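Since the model is a prediction, treat every value here as computed from it, not as a measurement.
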Amino acid sequence: QDVKQRSLVECGVSIDWLSRFAHSIRDFPLLPTNTAAVVQHLINACTSERQCRLVDVVPQEHVGYASMVISHAWHGDFLELV
């Protein structure tokens with residue numbers, strides 16, 4: 001099924017992928033790690049050309065039904081959240 005056709009609950013990403021993504025942020029030591037900065041500098045860079053959601057560029061083996069929901073604050077530390 002095309003991920004763009006999926007409902008929101010079908011667009012969960014695995015904890016494994018999320019943890020690896022968070023770990024990769026450490027490769028950018030000058031980047032602030034608050035959620036807003038991660039979105040502005042990393043997620044938007046991954047999605048802007050295709051004008052898509054982050055879930056659309058996550059490997060499909062890490063996408064599926066969400067079993068939990070994480071709420072965040074834009075100013076909160078993304079690495080601590082994950």
Visitor: Could you tell me which non-hydrogen atom of A45 sits nearest to which non-hydrogen atom of S48, and how far apart they are?
Guide: O-OG, 4.1 Å
Visitor: Tell me whether E61 at atom CD has more than 12 heavy atoms from other residues, nucleotides or ligands lying less than 6.0 Å away.
Guide: yes
Visitor: Write down the atom of P32, the atom of A37, and the distance for their closest heavy-atom approach.
Guide: O-CB, 3.5 Å
Visitor: Going only through I, L, V, M, F, W and Y residues with side-chain contacts under 4.5 Å, is there a path from V63 to L8?
Guide: no
Visitor: Hey, any chance V55 and I70 share a hydrophobic cluster, counting ILVMFWY side chains that come within less than 4.5 Å of each other, even indirectly?
Guide: yes
Visitor: Check each of I43, V13, D16 against F21 using the side chain to side chain contact (heavy atoms under 4.5 Å, CB included) test, and report the only one that passes.
Guide: I43
Visitor: Counting only heavy atoms not in H41, do more than 12 fall under 6.0 Å of its NE2?
Guide: yes
Visitor: Rounded to the nearest 0.5 Å, how far does CG of N34 lie from CD of E80?
Guide: 11.5 Å
Visitor: Given side chain to side chain contact (heavy atoms under 4.5 Å, CB included), test D56 with T47 step by step and report yes or no.
Guide: CA-CA 8 Å; D56 297 329; T47 60; over 6 Å; no
Visitor: Tell me whether F28 shares a hydrophobic cluster with F78, the cluster being built from Ile, Leu, Val, Met, Phe, Trp, Tyr side chains joined at under 4.5 Å.
Guide: yes
Visitor: Using the rule that two of Ile, Leu, Val, Met, Phe, Trp, Tyr join whenever any of their side-chain heavy atoms come within less than 4.5 Å, decide whether V38 and I15 are in one cluster.
Guide: no
Visitor: Check the angle between the aromatic planes of W74 and H72 and answer parallel, tilted or perpendicular using the 30° and 60° thresholds.
Guide: perpendicular
Visitor: Apply the test side chain to side chain contact (heavy atoms under 4.5 Å, CB included) to residues V82 and L79: give CA-CA distance (whole Å), side-chain angles for both, the deciding distance (0.1 Å), then the verdict.
Guide: CA-CA 5 Å; V82 175; L79 300 178; over 6 Å; no
